[in-house]
Asker: 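Sharing a structure here in structure tokens format.
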Amino acid sequence: MYNKIYTSFIERKARKEKAFAVLIDPDKVTPAGIIELAAKCTAAKVDYIFLGGSLVITNHLDECVQQLKASCDIPVILFPGSPSQVSRYADALLYLSMISGRNPELLIGQHVVSAAAVKKSQLEVISTGYMVIDGGAPLPFPTSAMPPPYPPTKRTSLCAPLWQGRCWA
């Protein structure tokens, strides 16, 4: 569980460099599509590939990670939408805590469910506070268990969960 990816985040921040990440939903790609996406990511000079989705109803997460790793040298970081979205083949896992709400299941409950699989995977784990902010478009995932997205104009209401998330990290 070496901190190579997290260290690269911190080093980029120290140098005031931006990073370019692309999120790929495994449910929306075919094996051939993964190879094409890897080539496009390489050509676009993508720094990180985030892999995950809100549902991931297919069972080819491992295959997607392996195809990406075989097709390019870009680190693959899991962006899981559920505890089952763990693949030992990835470079790292963003351990997401939904800090924009008060649902304990999304704050810590899902971590408890996934803890054994994450530990067994030997993945680099990066604790990540995750907030949903209203961008004006419908959300691509179910929101019944979540509070409504934060309006971007309500800066004061954003501060408390942001500071809480920073304290956890």
Side-chain angles (χ1 to χ4, degrees), residues 1-26 28-29 33-54 56 61-62 64-82 85-101 106-108 110-111 114-115 117-119 121-137 139-141 149-169:
M1 293 202 225
Y2 179 66
N3 289 329
K4 180 180 167 188
I5 303 297
Y6 182 73
T7 299
S8 75
F9 291 171
I10 298 302
E11 288 172 350
R12 281 178 185 272
K13 182 179 177 185
R15 293 188 306 261
K16 298 183 188 298
E17 290 179 4
K18 294 183 169 79
F20 180 21
V22 169
L23 174 60
I24 298 174
D25 185 337
K28 297 182 178 169
V29 293
I34 284 279
I35 295 167
E36 182 181 345
L37 280 171
K40 287 180 178 182
C41 286
T42 299
K45 297 184 178 14
V46 168
D47 298 300
Y48 306 101
I49 294 174
F50 290 179
L51 185 66
S54 299
V56 183
L61 183 66
D62 282 341
C64 287
V65 174
Q66 289 174 308
Q67 283 185 317
L68 283 166
K69 303 285 293 165
S71 302
C72 67
D73 294 325
I74 303 167
V76 177
I77 303 169
L78 298 175
F79 188 89
S82 74
Q85 294 176 31
V86 176
S87 171
R88 64 186 174 99
Y89 302 108
D91 295 294
L93 166 75
L94 296 179
Y95 220 24
L96 303 172
S97 289
M98 180 67 74
I99 62 173
S100 57
L106 299 174
L107 286 168
I108 192 71
Q110 296 297 309
H111 293 114
S114 66
V118 170
K119 183 175 182 184
S121 73
Q122 293 295 303
L123 285 167
E124 176 182 345
V125 176
I126 302 170
S127 295
T128 307
Y130 184 53
M131 293 190 73
V132 177
I133 300 173
D134 191 347
L139 295 173
F141 49 84
Y150 275 94
T153 56
K154 301 273 187 177
R155 290 187 174 207
T156 54
S157 64
L158 290 171
C159 291
L162 286 171
W163 278 105
Q164 176 266 332
R166 186 173 180 185
C167 291
W168 269 7

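Note that this is a predicted model, so its numbers are computed, not measured. Nothing fancy with the numbering, it's 1 onward along the sequence. Computation of the quantities below employed the complete heavy-atom set of this structure, encompassing side-chain atoms and omitting hydrogens, waters and symmetry-equivalent molecules.
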Asker: Working to the nearest 0.5 Å, report the span between OH of Tyr6 and OG1 of Thr128.
Answerer: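 The OG1 atom of Thr128 is 9.0 Å from OH of Tyr6, to the nearest 0.5 Å.
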
Asker: Does Arg88, at its CZ atom, have more than 12 non-hydrogen atoms belonging to other residues, nucleotides or ligands within less than 6.0 Å?
Answerer: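 For Arg88, atom CZ is not crowded (no more than 12 foreign heavy atoms under 6.0 Å).
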
Asker: Can you pull out every side chain to side chain donor-acceptor pair (under 3.5 Å) where at least one residue sits in residues 66-76? Sequence neighbours excluded, please.
Answerer: Lys69-Asp91

Asker: Which atom pair, heavy atoms only, marks the closest approach of Gln85 to Pro80?
Answerer: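 It is OE1-CA, 3.3 Å.
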
Asker: Measuring from atom CG of Leu78 to atom CG of Leu123, what distance do you get when rounded to the nearest 0.5 angstrom?
Answerer: 6.0 Å

Asker: Mind checking the OH-CG spacing from Tyr89 to Leu61? Nearest 0.5 Å is all I need.
Answerer: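 Answer for the OH-CG pair, Tyr89 versus Leu61, is 11.0 Å.
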
Asker: Do any N or O atoms from the side chain of Glu124 and from the backbone of Lys4 form a donor-acceptor pair under 3.5 angstrom?
Answerer: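 Yes, the answer is positive, given that a donor and an acceptor are paired below the 3.5 Å cut-off.
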
Asker: Does Phe20 offer a backbone N or O that forms a donor-acceptor pair with the side chain of Asp47 under 3.5 Å?
Answerer: yes

Asker: Please lay out, stage by stage, how Ile49 and Cys72 fare under the test side chain to side chain contact (heavy atoms under 4.5 Å, CB included).
Answerer: CA-CA 10 Å; Ile49 294 174; Cys72 67; 4.0 Å; yes

Asker: If you round to the nearest 0.5 Å, how far is CG of Leu51 from SG of Cys64?
Answerer: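 Here the interatomic distance stands at 6.0 Å.
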
Asker: Does Phe9 have any ring pair (Phe, Tyr, Trp, His ring centres under 6.0 Å) partners at least two apart in sequence or in another chain, and if so, which?
Answerer: Tyr48

Asker: Identify each donor-acceptor pair in which a side-chain atom of residues 33-41 lies under 3.5 Å from a protein atom, sequence neighbours left out, and give them as a table.
Answerer:
from: Glu36; atom 1: OE2; to: Lys40; atom 2: NZ; distance (Å): 3.2

Asker: Specify the closest pair of heavy atoms between Ala92 and Ile5, including all atoms of both residues, with the distance to one decimal.
Answerer: CB-CG1, 3.9 Å

Asker: Nearest 0.5 Å please: distance from the CG atom of Leu23 over to the CD1 atom of Ile77.
Answerer: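 Answer for the CG-CD1 pair, Leu23 versus Ile77, is 11.0 Å.
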
Asker: Where do Val65 and Ser87 come nearest, in terms of heavy atoms and distance?
Answerer: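 Nearest pair, atom of Val65 first, then Ser87: CG2-OG, 3.9 Å.
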
Asker: Grab the two heavy atoms, one from Arg12 and one from Lys18, that are nearest each other, plus how far apart they are.
Answerer: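 Closest approach of Arg12 to Lys18: NH1-O, 3.3 Å.
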
Asker: Show the numbers, then the answer: is there a side chain to side chain contact (heavy atoms under 4.5 Å, CB included) between Leu68 and Ile74?
Answerer: CA-CA 8 Å; Leu68 283 166; Ile74 303 167; over 6 Å; no

